[in-house]
Amino acid sequence: MLERTGEGRLAAAIPAGERVYAVGDIHGRLDLFEALVAAIEADDAASGPADTTVILLGDLVDRGPDSAGVIALARAWQAKRKVRILQGNHEEMFLRSFRDVETFRHFLRHGGRETVLSFGVDKEQFWPASLEEAQALMAAAVPADDIAYLKSFEDMIAIGDYLFVHAGIDPRVPIGEQRTKDLRWIREPFLSHTDSHGAVVVHGHTISEAPEDCGNRIGIDTGAFMSGRLTALVLEGTARRYIEAVQTEAGSISTTALAA
């Protein structure tokens, strides 16, 4: 069981010699993702040698304008360094949409239109199409290797005293017995649970204006698709800090390092 520090925070640690960057929900914001990738690379180089792991917490797709570009960049980054990716509820909806028309309908209502168009589907064909026709257009446009790539995403990752998931966990259930549905979709009773989970849970899925460190959990979905703010949590030893890529009022992207 983790002990609490004098400030009441759980004294969680990453194993010695390791460094972790966890990135919140990207949701098709390739511009923010590109900036954050560059900032993470620069930060890792400046922070000294380490066994570094990058974890993308899921929901790479939907809502923002370039889900296809985000997938391509994630794949390219993964080819160069250790990048592990969790499957979020939006990846789940996307994948199910290829075989189930009702899921496809739900997917379109929650940012899926932007995803489909980012793969090069012609708007002039897509907008007047029936649901079944639109589904067929998507199936023809999305490469099979991208579908296989999304299917390869993980459900949970444990490193040291931290557990990384997309949405959260059911606090009433042992970690080893968690349902996939809860890992990708849960909000309550996870968000309001104040006791220890046995590990500090790092998650996305639920939007907050700023990173939300509640001691037993850390939420880092800062609503990139609508706020223009994409957040990464940096963990090393017992230290926590943040790097953010932020769209300014003028439309440019800047990155900022923040203390926990």
Side-chain angles (χ1 to χ4, degrees), residues 1-26 36 40 43-44 47 50-59 82-89 153-223 229-244 257-260:
M1 184 67 70
L2 294 174
E3 296 181 357
R4 293 189 179 274
T5 66
E7 295 78 27
R9 193 170 79 176
L10 293 175
I14 293 294
E18 296 190 32
R19 184 178 302 129
V20 175
Y21 296 86
V23 178
D25 303 31
I26 302 166
L36 194 59
I40 288 172
D43 182 88
D44 191 50
S47 297
D51 179 5
T52 298
T53 302
V54 176
I55 299 173
L56 307 184
L57 294 179
D59 281 7
K82 189 194 305 181
V83 178
R84 301 177 67 178
I85 309 178
L86 296 167
Q87 187 174 132
N89 59 306
F153 291 178
E154 302 178 68
D155 289 327
M156 68 168 66
I157 298 167
I159 300 178
D161 297 321
Y162 290 89
L163 181 71
F164 302 85
V165 296
H166 173 65
I169 64 172
D170 185 339
R172 303 163 296 189
V173 177
I175 288 175
E177 299 175 17
Q178 293 290 319
R179 299 186 305 169
T180 301
K181 178 180 178 181
D182 289 326
L183 297 173
R184 296 178 187 167
W185 292 88
I186 198 169
R187 297 193 197 278
E188 294 296 350
F190 170 66
L191 296 175
S192 58
H193 187 77
T194 57
D195 293 334
S196 172
H197 296 294
V200 175
V201 179
V202 179
H203 66 96
H205 187 61
T206 298
I207 295 173
S208 54
E209 290 186 10
E212 193 172 60
D213 188 337
C214 298
N216 63 348
R217 68 175 181 88
I218 306 173
I220 59 169
D221 179 3
T222 46
R229 183 183 302 273
L230 179 62
T231 299
L233 168 66
V234 189
L235 301 169
E236 188 167 9
T238 58
R240 301 175 188 171
R241 54 192 175 87
Y242 300 96
I243 303 173
E244 293 189 331
L258 303 172

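For this chain, numbers begin at 1 and follow the sequence in order.
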Tell me which donor-acceptor pairs under 3.5 Å the side chains of residues 168-177 have, and how far apart each pair is, sequence neighbours excluded?
from, atom 1, to, atom 2, distance (Å)
Asp170, OD1, Arg172, N, 2.9
Asp170, OD1, Arg172, NE, 2.9
Asp170, OD2, Arg172, NH2, 3.1

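Among residues two or more places apart in sequence or in another chain, the salt bridge (Lys or Arg N to Asp or Glu O under 4.0 Å) test is passed with Lys181 by none. Scanning for ring-ring contact (aromatic ring centres under 6.0 Å, His included) contacts around Tyr242 gives an empty result, with sequence neighbours left out.
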### Message
side-chain contact (heavy atoms from CB on, under 4.5 Å) for Ile218 and Tyr162? Distances and angles first, verdict last.
### Response
CA-CA 10 Å; Ile218 306 173; Tyr162 290 89; 4.3 Å; yes
### Residues Phe164, Val20; criterion side-chain contact (heavy atoms from CB on, under 4.5 Å); working and verdict
CA-CA 11 Å; Phe164 302 85; Val20 175; 3.8 Å; yes
### Task
Please test Leu230 against Ile26 for side-chain contact (heavy atoms from CB on, under 4.5 Å), starting from the C-alpha separation and ending with a verdict.
CA-CA 7 Å; Leu230 179 62; Ile26 302 166; 4.1 Å; yes
### Task
Go through Ile55 and Ile159 one step at a time and tell me if the side-chain contact (heavy atoms from CB on, under 4.5 Å) criterion holds.
CA-CA 11 Å; Ile55 299 173; Ile159 300 178; 4.0 Å; yes
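Shown here for Gly204 and Leu57, the closest heavy-atom pair between the two residues is N-CD1, 3.9 Å. Nearest heavy atoms, Ala232 versus Leu36: CB-CD2, 4.0 Å. Residue Gly198 comes nearest to Ser196 through the heavy atom pair N-OG, 2.9 Å, listed as atom of the first residue, atom of the second, then distance. The minimum heavy-atom distance between Val202 and Ala22, with the atom names listed, is CG1-CB, 4.2 Å. The minimum heavy-atom distance linking Glu209 with Thr222 is given by the pair O-CG2, 3.9 Å. Smallest separation of non-hydrogen atoms from Thr238 and Ala13: CG2-CB, 3.8 Å.
The structure places CD of Glu154 at 12.0 Å from CG of Leu183, a figure rounded to the nearest 0.5 Å. Between the CG atom in Asp43 and the CZ atom in Arg241 there is a gap of 4.0 Å [rounded to 0.5 Å].
Just one residue in the list Arg179, Gln178, Arg184 forms a side chain to side chain donor-acceptor pair (under 3.5 Å) with Asp182, and that residue is Arg179. A side chain to side chain contact (heavy atoms under 4.5 Å, CB included) with Glu18 is found for exactly one of Leu235, Asp51, Thr52, namely Asp51. If you run side chain to side chain contact (heavy atoms under 4.5 Å, CB included) between Tyr21 and each of Ile243, Leu56, Leu233, only Ile243 comes through.
A donor-acceptor pair under 3.5 Å is absent between the side-chain atoms of Thr231 and the main chain of Ile220, judged by distance alone. Asp25 places a side-chain N or O within 3.5 Å of a backbone atom of His205 that can act as its donor or acceptor partner. Remark: side-chain polar atoms of Arg240 are not paired, donor with acceptor, to backbone N or O of Asp213 under 3.5 angstrom. At distances below 3.5 Å, not a single donor-acceptor pair connects side-chain atoms of Arg19 with backbone N or O atoms of Ile14. Using a distance-only test at 3.5 Å, with no hydrogens or angles considered, a donor-acceptor pair links the side chain of Asn216 to the main chain of Asp195.
Contact of the Ile40 side chain with the Val23 side chain is registered, since non-hydrogen atoms from C-beta on lie closer than 4.5 Å. Thr206 has its side chain out of reach of Phe190: every pair of non-hydrogen atoms, C-beta onward, lies at least 4.5 Å apart.
Side chain to side chain, Arg217 and His197 fail the donor-acceptor criterion of an N or O pair below 3.5 Å. Asn89 and His166 share a donor-acceptor pair across their side chains, judged by distance under 3.5 Å alone.
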